[in-house]
J.: 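Before I ask anything, let me first share the structure, which is written out below as structure tokens.
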Amino acid sequence: MAAKSQICTIWLGSETGILKGVSLSKKQAFNFCEMSSLSRDQEVCVMAWGDENESEVLVGSLNGTVTTFSTDKGIFTGSRECGDPSQGRFTGLAVTDSSLITCVESGLLKVWKEGSTDTVEVNVGSGICRMRQNPSQRHRVATGGKENPLKLWDLERPDKAIFTAKNVAHDWLDMRVPVWVRDIGFIPDSDKIVTCTGHHQVRVYDPSTSQKRPVLEAQLGEYPLTALSLTSNQNTVVVGNTHGELATLDLRKGLMCGCLKGLSGAVRGLQCHPSLPLVASCGLDRFLRVHSLEDRSLQHKVYLKSRLNCVLLSSRELESSIVDDTGDVEEVKAEEDEVWDTMETVTEKSKKRPAEQEKASVTEVDGKKKNKLAKK
């Protein structure tokens with residue numbers, strides 16, 4: 001298994017609890033799990049790199065455990081109970097200073113110190129949909145959710161949020177605009193934070209200023225946005241929604257740059273390559289897709305047989321050659337044909353119409369044509 005895991009450049013977590021690795025150069029996909037012990041409560045909710053060398057993948061499951069997978073050895077090397085399933089599923093996972101950071105839907109954020117049973121607990125509010133770590137300041141995280149606005153936390157001083165966003169002004173009917181933060185991203189080389197909402201809005205906040213409302217807001221489509229990721233040029237963000245639509249948005253002007261086509265089904269996982277103009281996406285249609293951000297063409301397409309929740313992209317160089325996905329399409333078609341072949345053919349007996357209704361003639365009345373039934 002070590003030889004297989006070492007060539008994988010993209011990692012994905014599925015609803016069935018399987019960690020999947022994909023090698024674009026070899027055009028192969030591998031499952032890393034114990035197939036005999038799989039259960040529904042092992043569904044992969046979140047993933048993160050365990051170290052800067054990307055030699056470990058941390059996998060947060062629905063049952064509250066965080067397992068460590070070694071990409072060098074190709075095996076799971078450890079497991080830790082980090083949550084109570086009654087508190088909700090994981091919404092964020094990160095590592096800082098040899099400590100593990102977890103957050104669940106109920107709003108309980110914990111910092112698990114390595115080699116110690118002591119934990120730092122922070123109540124960030126209920127209804128959390130996403131917790132993200134600032135890549136440049138790893139002791140800072142942002143949270144947000146349903147009726148829970150964007151908040152920025154300093155885990156070295158976790159008593160109070162250092163920034164809490166203020167809701168936008170009432171709409172043109174003077175009604176309150178609901179809050180629903182679905183995903184969060186930190187804009188590099190700045191203090192700005194970008195969010196996408198379940199009400200198809202993309203917003204940019206600047207905690208370094210006194211303004212707590214967004215400094216930029218854009219409407220994108222008409223369906224809830226589910227995931228976002230910042231591109232390598234830092235001025236563009238890629239967002240996906242519940243109808244399998246991917247779009248790129250210019251954060252300087254708030255204008256849509258274009259759409260990435262080919263998806264069908266809600267987008268659940270989305271990540272841009274840190275240095276290359278590529279974005280990987282996955283979701284309910286069971287496909288991993290890699291698009292080019294330069295010409296918005298589909299570069300890679302891999303069928304992975306399970307509904308996918310999250311994607312983790314390696315910072316290593318990815319192959320830019322187009323992968324021949326004929327085998328994937330044939331595999332899908334073969335499965336569909338097998339389903340149709342096993343179904344019983346049902347024929348419907350046609351009822352003959354009465355003989356007096358089989359013939360019709362056209363007569364002219366007052367210059368207008370009229371259909372009239374003719375009897376034998």
Side-chain angles (χ1 to χ4, degrees), residues 46 89 91-92 105 125-132 142-152 164-187 192-206 211-231 234-272 279-285 287 289 291 293 296 307-311:
V46 290
R89 59 195 295 147
T91 57
E105 289 177 323
S126 60
I128 292 296
C129 294
R130 188 68 67 195
M131 183 272 287
R132 292 287 189 190
T143 60
K146 199 163 189 177
E147 294 306 327
N148 194 329
L150 171 69
K151 296 176 184 176
L152 183 62
T164 301
K166 187 177 180 180
N167 196 10
V168 296
H170 290 191
D171 61 15
W172 63 281
L173 290 174
D174 199 26
M175 297 182 65
R176 176 185 175 274
V177 178
V179 176
W180 192 2
V181 179
R182 294 295 298 268
D183 205 353
I184 305 168
F186 289 87
I187 300 178
K192 295 181 180 179
I193 304 173
V194 58
T195 67
C196 67
T197 74
H199 303 289
H200 54 88
Q201 301 141 343
V202 176
R203 293 169 176 162
V204 177
Y205 297 85
D206 192 352
Q211 182 175 347
K212 294 190 175 183
R213 282 178 172 163
V215 296
L216 182 144
E217 178 177 345
Q219 301 278 344
L220 202 61
E222 55 183 6
Y223 301 111
L225 302 177
T226 55
L228 68 80
S229 181
L230 287 154
T231 63
Q234 306 176 8
N235 296 319
T236 310
V237 65
V238 182
V239 293
N241 65 13
T242 56
H243 279 240
E245 297 172 346
L246 283 179
T248 57
L249 187 75
D250 191 329
L251 295 177
R252 295 166 296 183
K253 300 179 181 179
L255 300 176
M256 187 174 69
C257 303
C259 295
L260 308 177
K261 298 182 180 181
L263 285 81
S264 58
V267 179
R268 286 188 171 178
L270 184 65
Q271 186 177 358
C272 295
V279 58
S281 61
C282 66
L284 295 185
D285 64 356
F287 278 96
R289 291 180 176 86
H291 284 85
L293 295 173
R296 300 192 290 275
R307 296 203 291 185
L308 306 169
N309 288 339
C310 43
V311 59

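Everything quoted here is computed from the prediction, not taken from an experiment. Heavy atoms only: backbone and side chains are in, while hydrogens, waters and symmetry mates are out.
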J.: For the residue pair V204 and I187, establish whether any side-chain heavy-atom pair is separated by less than 4.5 Å.
T.: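 V204 vs I187: side chains touch.
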J.: Does Y223 offer a backbone N or O that forms a donor-acceptor pair with the side chain of N241 under 3.5 Å?
T.: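 No, the answer is negative, given that no donor and acceptor are paired below the 3.5 Å cut-off.
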J.: Restricting to non-hydrogen atoms, name the atom on R182 and the atom on T226 that form the minimum distance, rounded to 0.1 Å.
T.: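 For R182 versus T226, the nearest heavy atoms are NH2-CG2, 3.6 Å.
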J.: Please report the closest heavy-atom contact between L270 and S229, naming both atoms and the distance.
T.: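 Closest approach of L270 to S229, heavy atoms only: O-CB, 3.8 Å.
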J.: Output yes when a side-chain donor or acceptor of R289 lies under 3.5 Å from a complementary backbone atom of G262, and no otherwise.
T.: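 Side chain of R289 to backbone of G262, a donor-acceptor pair under 3.5 Å: yes, one is there.
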J.: Of all the heavy-atom pairs spanning L263 and S281, show the shortest one and how long it is.
T.: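 Smallest interatomic distance, heavy atoms only, reads CD2-OG, 3.9 Å.
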J.: First locate atom CD of Q211, then atom OH of Y205, and finally report the distance between them rounded to the nearest 0.5 Å.
T.: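 Result: 10.5 Å between the selected atoms.
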J.: Evaluate the side-chain proximity of C272 to L230: yes if any heavy-atom separation is below 4.5 Å, no if none is.
T.: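 No, every pair of side-chain atoms sits at 4.5 Å or beyond.
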J.: For V279 and T248: C-alpha separation, side-chain torsions, deciding distance, then whether side-chain contact (heavy atoms from CB on, under 4.5 Å) applies.
T.: CA-CA 11 Å; V279 58; T248 57; over 6 Å; no
J.: Just wondering, do K151 and I128 contact through their side chains at under 4.5 Å, heavy atoms?
T.: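 Heavy-atom side-chain distance check fails, nothing below 4.5 Å.
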J.: Test your reading of the model: is there a side-chain donor-acceptor pair from N167 to the backbone of V177, 3.5 Å cut-off?
T.: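 A pair under 3.5 Å: yes.
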J.: What I'd like to find out is whether the side chain of H170 reaches to under 4.5 Å of the side chain of R176, using heavy atoms alone.
T.: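 A side-chain contact exists here, since the closest heavy-atom pair is under 4.5 Å.
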J.: Looking at S126, is its backbone amide N or carbonyl O close enough to the side chain of N148 to form a donor-acceptor pair, meaning the two atoms are under 3.5 Å apart?
T.: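 Yes; judged by distance alone, with no hydrogens or angles, the pair exists.
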J.: Checking side-chain contact (heavy atoms from CB on, under 4.5 Å) for the pair L228/V202: CA distance, chi angles, key distance, verdict?
T.: CA-CA 9 Å; L228 68 80; V202 176; 5.8 Å; no
J.: Quick one: pull up CG in L293 and CG in L246 and give me the separation to the nearest 0.5 Å.
T.: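 The distance works out to 10.0 Å.
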J.: Do E147 and V179 come within less than 4.5 Å of each other through their side chains, counting heavy atoms only?
T.: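 They are in side-chain contact.
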J.: Taking atom CZ of R132 and atom OG1 of T143, what is their separation to the nearest 0.5 Å?
T.: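 Going from CZ on R132 over to OG1 on T143, the span is 12.5 Å.
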J.: Mind listing the closest non-hydrogen atom pair of S264 and D285 along with its distance?
T.: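 Smallest heavy-atom distance, with atoms named: O-CB, 2.6 Å.
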J.: Measure the spacing between CD of Q201 and CG of L220 and express it to the nearest 0.5 Å.
T.: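 The CG atom of L220 is 10.5 Å from CD of Q201, to the nearest 0.5 Å.
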J.: Would you compute the distance between atom SG of C129 and atom CG of D183 and round it to the nearest 0.5 angstrom?
T.: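 Output value for this atom pair is 9.5 Å.
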J.: Atom NZ of K192 and atom CG of D206: how far apart are they, to the nearest 0.5 Å?
T.: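 Atom-to-atom, K192:NZ and D206:CG are 5.5 Å apart.
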J.: Does T231 offer a backbone N or O that forms a donor-acceptor pair with the side chain of T236 under 3.5 Å?
T.: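 No, because the side chain of T236 does not come within donor-acceptor range (under 3.5 Å) of the backbone of T231.
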J.: Taking the side chain as everything from C-beta on, heavy atoms only, tell me whether I184 gets closer than 4.5 Å to T195.
T.: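 In short, these two side chains touch, coming nearer than 4.5 Å.
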J.: If I compare all heavy atoms of P149 with all of A165, which pair ends up nearest, and what's the gap?
T.: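 Taking every non-hydrogen atom into account, CB-O, 3.7 Å.
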J.: Is there side-chain contact between N235 and R252, with at least one heavy-atom pair below 4.5 Å?
T.: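 Answer yes - side chains close enough.
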J.: Identify the residue among T242, L308, L284 that makes a side chain to side chain contact (heavy atoms under 4.5 Å, CB included) with R268.
T.: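 That would be L284.
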J.: Could you tell me whether the side chain of H200 reaches within less than 4.5 Å of the side chain of Q219, counting heavy atoms only?
T.: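 Of all side-chain heavy-atom pairs linking H200 with Q219, at least one is under 4.5 Å.
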